[in-house]
Participant: 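First, the structure itself, so that you have it in front of you.
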Amino acid sequence: MTLTITVSQLNSYIKTLMEADEQLYDIAVRGEISNYTVHSSGHHYFTLKDKTSSLKCVMFRREAAHLQFRPQTGMSVLAGGRITVYEAGGQYQLYASWLQPDGIGAQFLALEELKKKMAALGYMDESRKKPLPPFPQCVGVVTSPTGAAWHDIQKVAKSRWPAIELILFPALVQGDGAPEAIAQAIAKANASPKLEVLIVGRGGGSMEDLWCFNSEEVAMAIIHSRLPVVSAVGHEIDFTLADLVADRRAATPSAAAEIVVPDSRALEQKLFHLEQHIKTNAKMFLDSKKQDLRQLQSKAVFTQPQLFLEASWRHLENSGEDMERLMETTCHNMEEKITALAGRLHILDPLATLSRGYALCQKADGTLLTRAQDTVPGETITARLAQGSLHCQVLNLKETK
Amino acid sequence: MSKKDPKPTFAQAMEELEDIVQKMEEGELSLEEMLEQYAQGIQLLKECKSRLSAAEKQMEKLSADLEDQEND
């Protein structure tokens, strides 16, 4: 008779069954990582798969902290831990307590070590990176002669600066012998005196394809290059070692050409604008100076200079007037003085006295008579009047004491 | 005369011209000084105008040279 139980009962049964199996308690599984995600909780969730099957895995924060490398989708790894059953969902999964690169994964670990070593030697320092020449005339390219990279670089470079000279240093860019080939090509390029900058790279590909750009040989060749090196390894994920030690990194070979080769059309535009700018500024300056001069020229000192003599004229006139007035006053005063003197003189005029009825009496000898006793009765005297004179004889005297 | 150096710059000449105008407008000058300043002012005015005009001509010539080069 078939056993009939509930889902919960069944899942619980399976959980007990599986977790009782000692082998499942501590097991290592080999597979390729896919959907590797790190939760905000710090736990790592991923799926391990092979050609036909997949297994859900989780690595908790505590164990994940011990990871010596960064697991990525596509990596082959060994995951060790125990199998558990998630009862509610009827799923089993691997609680991974450790993770290790397998095959190419081992290479990843080695790469991380190499990166650390190079970083410690200062090979990735910003201060080491050489500046690129702004207007290179001769650019070297290390890449495959048959790949898309060389074609793309040529196209972009020539369209930006038609006169640019590009020299190819062909090399294998994947598989065995690639690291040596690339390193040699870089060395050869450095031996060429007219090159000013070097692009090293290739088009996109899988991690294995690009692996040669993670080699120590290529890295050292770039580090020892006297020419500035732009790495152009076409890929989306992590930077390769070559990217990290190069003087500049480009996401693609085309981007590298854009970085290295200046855009002549853009420069022409800029020059044109600068020309306009200069002309406008010069014109504005001249116009402003002209305006300043015009303003000065229109000032009264130049248009009506005689106005500035006005002051002097007025000064003169004022002086003239003052003088006139002084003269008048002085004359007037003189006149008054003269009139006063004339008046006084007039009073003293004897003739004036006579005209008031006084007579001038004189003795025969001409002596003026002022006292009565100076004459005797019977003497003849002359009395001069204002008009005419009288011949008189003294009758008698009357003295007044 | 009151020129600072043998060949003043355009800016110096303009400055001197402005000074003269100001002095004359203030009216504190004697008759002789007035005449002197006026003569000097006219001179500077002429000088500045001629220099400005020369600068304009030179600018036009330089622009024309550039155009010629572009048409080559």
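Residue numbers start from 1 in every chain, and the chains themselves are labelled A, B, ... in the order their sequence lines are given, proteins ahead of strands.
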Participant: For E275(A), is it the side chain, the backbone, both, or neither that has a heavy atom closer than 4.5 Å to a heavy atom of chain B?
Facilitator: side chain
Participant: Is M34(B) close to chain A through its backbone or its side chain, or both, or neither, when contacts mean heavy atoms under 4.5 Å?
Facilitator: side chain
Participant: Is it true that atom CD of E26(B) has more than 12 heavy atoms of other residues, nucleotides or ligands lying nearer than 6.0 Å?
Facilitator: yes
Participant: When you compare the side chains of E328(A) and H332(A), does any donor N or O come within less than 3.5 Å of an acceptor on the partner?
Facilitator: no
Participant: Is it the case that more than 12 heavy atoms not belonging to Q269(A) sit under 6.0 Å from its CD atom?
Facilitator: no
Participant: Quick check on the interface: out of S30(B), G41(B), S53(B), who has the most heavy-atom pairs with chain A under 4.5 Å?
Facilitator: G41(B)
Participant: Heavy-atom count check: over 12 atoms from other residues, nucleotides or ligands less than 6.0 Å from K155(A) NZ?
Facilitator: no
Participant: If you measure only the distance, is there a donor-acceptor pair under 3.5 Å linking the side chains of R294(A) and Q291(A)?
Facilitator: yes
Participant: Need one label for L35(B): side chain, backbone, both or neither, based on atoms under 4.5 Å from any heavy atom in chain A.
Facilitator: neither
Participant: Please classify the contact of K299(A) with chain B as side chain, backbone, both or neither, using a heavy-atom distance under 4.5 Å.
Facilitator: side chain
